[in-house]
Visitor: 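One structure, pasted below without further comment.
Being a predicted model, the structure only gives us computed values, none of them experimental.
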Amino acid sequence: AMRINQDTVLRGQKVTLVPYTAAHVPRYHEWMQSEELRHLTASEPLSLEQEYEMQRSWREDSDKCTFIVLDAARWPGQAEESCMVGDVNLFLTNAEDPTLGEVEIMIAEPSYRGRGFGKEATLMMMSYGVRSLGITKFEAKIGQENEASICMFKKLHFEEVAVNSVFQEVTLRLDVSDQERRWLLEQTNHVEEKSYTELKQPAGVLET
């Protein structure tokens, strides 16, 4: 099951990825009040209670892997909720093919956009997918008007493979050849994997 990442923290230069827990829901719910974000992520407005339900299902479903994106400069140290900048997901959309992962990134905080946070978070998630989940092919489905996101995925070697004019959506794809795998692991060789339980401890506890 996808609970594989429930104690996993991935620490990069700009971002730290942590598992999506109930503590993140209020801030996440606040983000989703934004019509622009709902439009970009093709999401329905949910009540806070529904958002908690979603978080529980995300945690327990075996076909999704989700991390909350934190500002690495501010966490650990500050309250997680105040360090949240977005989320990154990997969906195993094809029951016939468990090596195919659909990747989705959202940088919800406007002040963090266009600064490489989404790019690093996506690379870290892809690297985790390749190393820990056996993913060998990635897809991304992005609204046609979301040029920044399409452009970012192309920089990560994705190629446009389909356009759906009904949903106004572009599908991009990356097959992870040996060469791509090496490139991906090189891009993320600075990333450290840690235990969430240990990092969440108050600082004083660690020093004894």
Visitor: Over all heavy atoms of both residues, which pair between Asp175 and Glu180 is shortest? Give the atoms and the distance, please.
Guide: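 Nearest pair, atom of Asp175 first, then Glu180: O-CG, 3.7 Å.
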Visitor: How about Glu147: does its CD atom have over 12 heavy atoms from other parts shown lying under 6.0 Å from it?
Guide: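 Counting neighbours around CD of Glu147, 12 or fewer heavy atoms of other residues, nucleotides or ligands fall under 6.0 Å, so no.
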Visitor: Which residue in the set Gln55, Arg56, Gln50 passes side chain to side chain donor-acceptor pair (under 3.5 Å) when paired with Glu53?
Guide: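 Among Gln55, Arg56, Gln50, the one that satisfies the side chain to side chain donor-acceptor pair (under 3.5 Å) with Glu53 is Arg56.
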Visitor: Got a sec, which pairs hit ring-ring contact (aromatic ring centres under 6.0 Å, His included) with one end in residues 164-192, sequence neighbours left out?
Guide: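 Every ring-ring contact (aromatic ring centres under 6.0 Å, His included) pair that includes a residue of residues 164-192, provided the two are not neighbours, is His157-Trp183.
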Visitor: Please name all residues satisfying side chain to side chain contact (heavy atoms under 4.5 Å, CB included) with Met54, sequence neighbours left out, ordered by chain then number.
Guide: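 Only Leu46, Glu51, Trp58 meet the side chain to side chain contact (heavy atoms under 4.5 Å, CB included) criterion with Met54.
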Visitor: For Glu139, which residues count as a salt bridge (Lys or Arg N to Asp or Glu O under 4.0 Å) partner, sequence neighbours excluded?
Guide: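 Per chain and number, Glu139 pairs via salt bridge (Lys or Arg N to Asp or Glu O under 4.0 Å) with Lys141, Arg173.
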Visitor: Measuring from atom CD1 of Ile142 to atom OG1 of Thr171, what distance do you get when rounded to the nearest 0.5 angstrom?
Guide: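 Between atom CD1 of Ile142 and atom OG1 of Thr171 there are 9.0 Å.
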Visitor: Are Leu37 and Met84 co-members of a hydrophobic cluster defined by side-chain heavy atoms under 4.5 Å apart?
Guide: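 Met84 clusters together with Leu37.
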Visitor: Are Leu184 and Leu123 close enough, and set up right, to give a side-chain contact (heavy atoms from CB on, under 4.5 Å), and what steps lead you there?
Guide: CA-CA 7 Å; Leu184 190 55; Leu123 279 166; 3.6 Å; yes
Visitor: State, with a plain yes or no, whether a side-chain heavy atom of Ser127 is found less than 4.5 Å away from one of Gln187.
Guide: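 No; the side chains remain at least 4.5 Å from each other.
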Visitor: Please report the shortest heavy-atom distance between Ile150 and Gly143, naming the atom on each side.
Guide: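 Looking at all heavy atoms of both residues, the shortest contact is CD1-O, 3.8 Å.
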Visitor: Using a 4.5 Å cut-off on heavy atoms from C-beta on, say whether the side chain of Asp7 contacts that of Ser195.
Guide: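 Counting from C-beta outward, Ser195 and Asp7 do come under 4.5 Å.
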Visitor: Can you classify the ring geometry of Tyr20 versus Tyr28 as parallel (below 30°), tilted (30 to 60°) or perpendicular (above 60°)?
Guide: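 Ring orientation of Tyr20 relative to Tyr28: tilted.
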Visitor: Taking only residues two or more places apart in sequence, or in another chain, which ones meet Glu80 in a side chain to side chain contact (heavy atoms under 4.5 Å, CB included)?
Guide: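 Partners of Glu80 under the side chain to side chain contact (heavy atoms under 4.5 Å, CB included) test: Val18, His24, Leu70, Trp75, Tyr196, Lys200.
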Visitor: Over all heavy atoms of both residues, which pair between Gln13 and Ala72 is shortest? Give the atoms and the distance, please.
Guide: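 Looks like O-CB, 3.6 Å.
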Visitor: To check you understand the geometry: which heavy-atom pair defines the closest contact between Met126 and Phe138, and what is its length?
Guide: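 That would be O-CZ, 3.4 Å.
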Visitor: Please find the pair of heavy atoms, one from Ala108 and one from Trp31, that lie closest to each other, and give the distance.
Guide: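 Between these two residues, the closest heavy atoms are CB-CD2, 3.2 Å.
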Visitor: Within a strict 4.5 Å, meaning less than it, do heavy atoms of the Lys64 and Asn89 side chains meet?
Guide: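 Lys64 vs Asn89: side chains apart.
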Visitor: Got a sec, which residues hit salt bridge (Lys or Arg N to Asp or Glu O under 4.0 Å) with Glu145, two or more places apart in sequence or on another chain?
Guide: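 Glu145 satisfies salt bridge (Lys or Arg N to Asp or Glu O under 4.0 Å) with no other residue.
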Visitor: Under a 4.0 Å threshold between the charged nitrogen and the carboxylate oxygen, would Glu109 count as salt-bridged to Arg27?
Guide: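 Here Arg27 pairs with Glu109 in a salt bridge, since their nearest N and O are under 4.0 Å apart.
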Visitor: With the 4.5 Å side-chain cut-off for hydrophobic clustering, are Val176 and Leu185 part of the same group?
Guide: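 As far as the 4.5 Å side-chain criterion goes, Leu185 and Val176 are not connected within one cluster.
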Visitor: With the side chain counted from C-beta on, respond yes when Thr122 and Val103 share a heavy-atom pair under 4.5 Å apart, and no when they do not.
Guide: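 A side-chain contact exists here, since the closest heavy-atom pair is under 4.5 Å.
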Visitor: If you measure from CG on Leu17 to CE on Met124, what distance do you get to the nearest 0.5 Å?
Guide: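 Here the rounded value is 4.0 Å.
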Visitor: Listing request: all salt bridge (Lys or Arg N to Asp or Glu O under 4.0 Å) pairs with a residue in residues 110-119, at least two apart in sequence or in separate chains.
Guide: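 Listed by first then second residue: Glu36-Arg113.
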Visitor: Do Leu10 and Val15 have side-chain heavy atoms sitting under 4.5 Å apart?
Guide: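 Not touching, per the 4.5 Å side-chain cut-off.
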Visitor: In terms of hydrophobic clustering (I, L, V, M, F, W, Y; side-chain heavy atoms under 4.5 Å; direct or indirect links), are Val163 and Leu40 co-clustered?
Guide: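 In one cluster: no.
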Visitor: Counting C-beta onward and ignoring hydrogens, is there a side-chain heavy-atom pair between Pro26 and Tyr52 closer than 4.5 Å?
Guide: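 When only atoms from C-beta onward are counted, Tyr52 and Pro26 do touch, with a gap below 4.5 Å.
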Visitor: Does Arg131 have any salt bridge (Lys or Arg N to Asp or Glu O under 4.0 Å) partners at least two apart in sequence or in another chain, and if so, which?
Guide: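 For Arg131, the residues satisfying salt bridge (Lys or Arg N to Asp or Glu O under 4.0 Å) (neighbours in sequence not counted) are Glu193.
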Visitor: After noting the C-alpha distance and the side-chain angles of Leu90 and Phe67, does the key distance pass the side-chain contact (heavy atoms from CB on, under 4.5 Å) rule?
Guide: CA-CA 9 Å; Leu90 200 54; Phe67 285 103; over 6 Å; no
Visitor: Got a sec, which pairs hit salt bridge (Lys or Arg N to Asp or Glu O under 4.0 Å) with one end in residues 11-26, sequence neighbours left out?
Guide: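 Matches after skipping sequence neighbours: none remain.
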Visitor: Which atoms form the tightest heavy-atom contact between Leu92 and Gly101, and what is the distance?
Guide: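 In this case the closest contact between Leu92 and Gly101 is CD2-CA, 4.3 Å.
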Visitor: Does the side chain of Leu100 reach to within under 4.5 Å of the side chain of Ile135, using non-hydrogen atoms?
Guide: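 Counting from C-beta outward, Leu100 and Ile135 never come under 4.5 Å.
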Visitor: Taking atom NZ of Lys194 as the centre, does the number of heavy atoms from other residues, nucleotides or ligands within less than 6.0 Å exceed 12?
Guide: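 Atom NZ in Lys194 is not packed in, count stays at 12 or less.
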Visitor: Residues two or more places apart in sequence or in another chain: which of them pass salt bridge (Lys or Arg N to Asp or Glu O under 4.0 Å) with Glu35?
Guide: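 Glu35 satisfies salt bridge (Lys or Arg N to Asp or Glu O under 4.0 Å) with no other residue.
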Visitor: Residues two or more places apart in sequence or in another chain: which of them pass side chain to side chain contact (heavy atoms under 4.5 Å, CB included) with Thr136?
Guide: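 Thr136 satisfies side chain to side chain contact (heavy atoms under 4.5 Å, CB included) with Thr99 only.
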Visitor: If the condition is side chain to side chain contact (heavy atoms under 4.5 Å, CB included), which residues does Arg74 pass it with, not counting sequence neighbours?
Guide: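 Listed in chain order: Asp71, Gln78, Ser82, Cys83, Tyr112.
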Visitor: Do the side chain of Arg38 and the main chain of Met32 share a donor and acceptor less than 3.5 angstrom apart?
Guide: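 Yes, the answer is positive, given that a donor and an acceptor are paired below the 3.5 Å cut-off.
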Visitor: Which pairs, with at least one residue in residues 158-169 and sequence neighbours excluded, count as a side chain to side chain donor-acceptor pair (under 3.5 Å)?
Guide: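 Every side chain to side chain donor-acceptor pair (under 3.5 Å) pair that includes a residue of residues 158-169, provided the two are not neighbours, is Lys154-Glu160.
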Visitor: Given side chains that start at C-beta, do those of Pro19 and Thr8 come closer than 4.5 Å, heavy atoms only?
Guide: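 They are not in contact (no side-chain heavy atoms under 4.5 Å apart), so the answer is no.
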Visitor: So with a 6.0 Å cut-off around CG of Asp178, is the heavy-atom count from everything else above 12?
Guide: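 Counting other residues, nucleotides and ligands, CG of Asp178 stays at 12 neighbours or fewer.
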